[in-house]
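The structure appears right after this line, and notes come after that.
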Amino acid sequence: MSAENPAAPGQFTRRRLQFRAWRGTRPFWAGLFVLLGGFPIMYFPYAHLQIGHLTLAMSTTAGAGSLIIGVLLVVLGISLWFQKHVQIFAGVAAILLGLVSLPVSNFGGFIVGFLFSLIGGAMAVAWVPGAPPEAEPAKESGTGTGDSPESAVTDGGTPAERAPEAPYDQGPVFTKETGGVGETNDLSGTIPANGANGRHSVG
């Protein structure tokens, strides 16, 4: 075994990916159908079938016209590969040439060339370049202060304790941080003169 054998599969894969990228930026299949449609149109008028000792000639009086239509379809197919900005013109021209080949070239190369050119022309007209992929926004990493109440941090750097629940008629009860057990801060029973609960005496 030579030392170049392991590199061959990698080179083939790289060439295949390059061809796929090139094919994706142009109406490749439309050009291929138009190209294939030109061959039966220009071939059958000059073909001779041998059936035993009998020679069947399918050439028509418009053999030159069939040759011109077939060559034009081949040129349009190649143009769709390398000049993708003419895809509208090439698609419409391929459809018209396929229709003209029906009476001129043995029913469009026995319908085969007509169908290929018609489908390829329609694909060329309908083709639009794909949009480039958008860059995904970077996800912001959490810093420990998320939306959940458990992630709240006090000024001292320790997690804040959740306020104990109280009956609905008394409102929330807050505790002082004195070793986890504290007295209540409910000052609703004090007089207004003390200035508690945001109320101050007017006099």
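Numbers for residues simply follow the sequence, beginning at 1.
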Give a yes or no on whether the ring-centroid distance for Phe114 and Phe107 is below 6.0 angstrom.
no
Search all heavy atoms of Ser105 against all heavy atoms of Ile41 and return the closest pair with its distance.
OG-O, 2.7 Å
More than 12 heavy atoms from other groups under 6.0 Å of CZ on Phe19:
yes
Tell me whether the count of non-hydrogen atoms from other residues, nucleotides or ligands lying under 6.0 Å of CZ in Phe116 goes above 12.
no
Locate the shortest heavy-atom distance separating Leu97 from Ile69; write the atom from each residue and the value.
O-CG2, 3.8 Å
When every non-hydrogen atom of Val92 is compared with those of Val125, the smallest separation belongs to N-CG2, 3.9 Å
Side-chain contact test, heavy atoms from C-beta onward, threshold under 4.5 Å: evaluate it for Arg23 versus Trp81 and give yes or no.
no
Side chains of Arg26 and Trp22: closer than 4.5 Å at any heavy-atom pair?
yes
Minimal non-hydrogen separation, Gly98 against Ser117, with atom names:
CA-OG, 3.4 Å
Does the side chain of Leu115 come within less than 4.5 Å of Phe33's, by heavy atoms?
no
Closest contact, heavy atoms only, Ala124 versus Ala30:
N-CB, 3.5 Å
Starting from the C-alpha separation in whole Å, work towards a yes-or-no answer on side-chain contact (heavy atoms from CB on, under 4.5 Å) for Leu80 and Leu76.
CA-CA 6 Å; Leu80 286 172; Leu76 289 175; 5.7 Å; no
Going by heavy atoms in the side chains, are Val74 and Met42 under 4.5 Å from each other?
yes
Kindly indicate whether the side chain of Met123, heavy atoms from C-beta on, has any atom under 4.5 Å from the side chain of Pro27.
no
Minimum heavy-atom separation for Ser66 to Val104, with atom names?
OG-O, 3.5 Å
Non-hydrogen side-chain atoms of Thr25 and Lys84 separated by less than 4.5 Å
yes
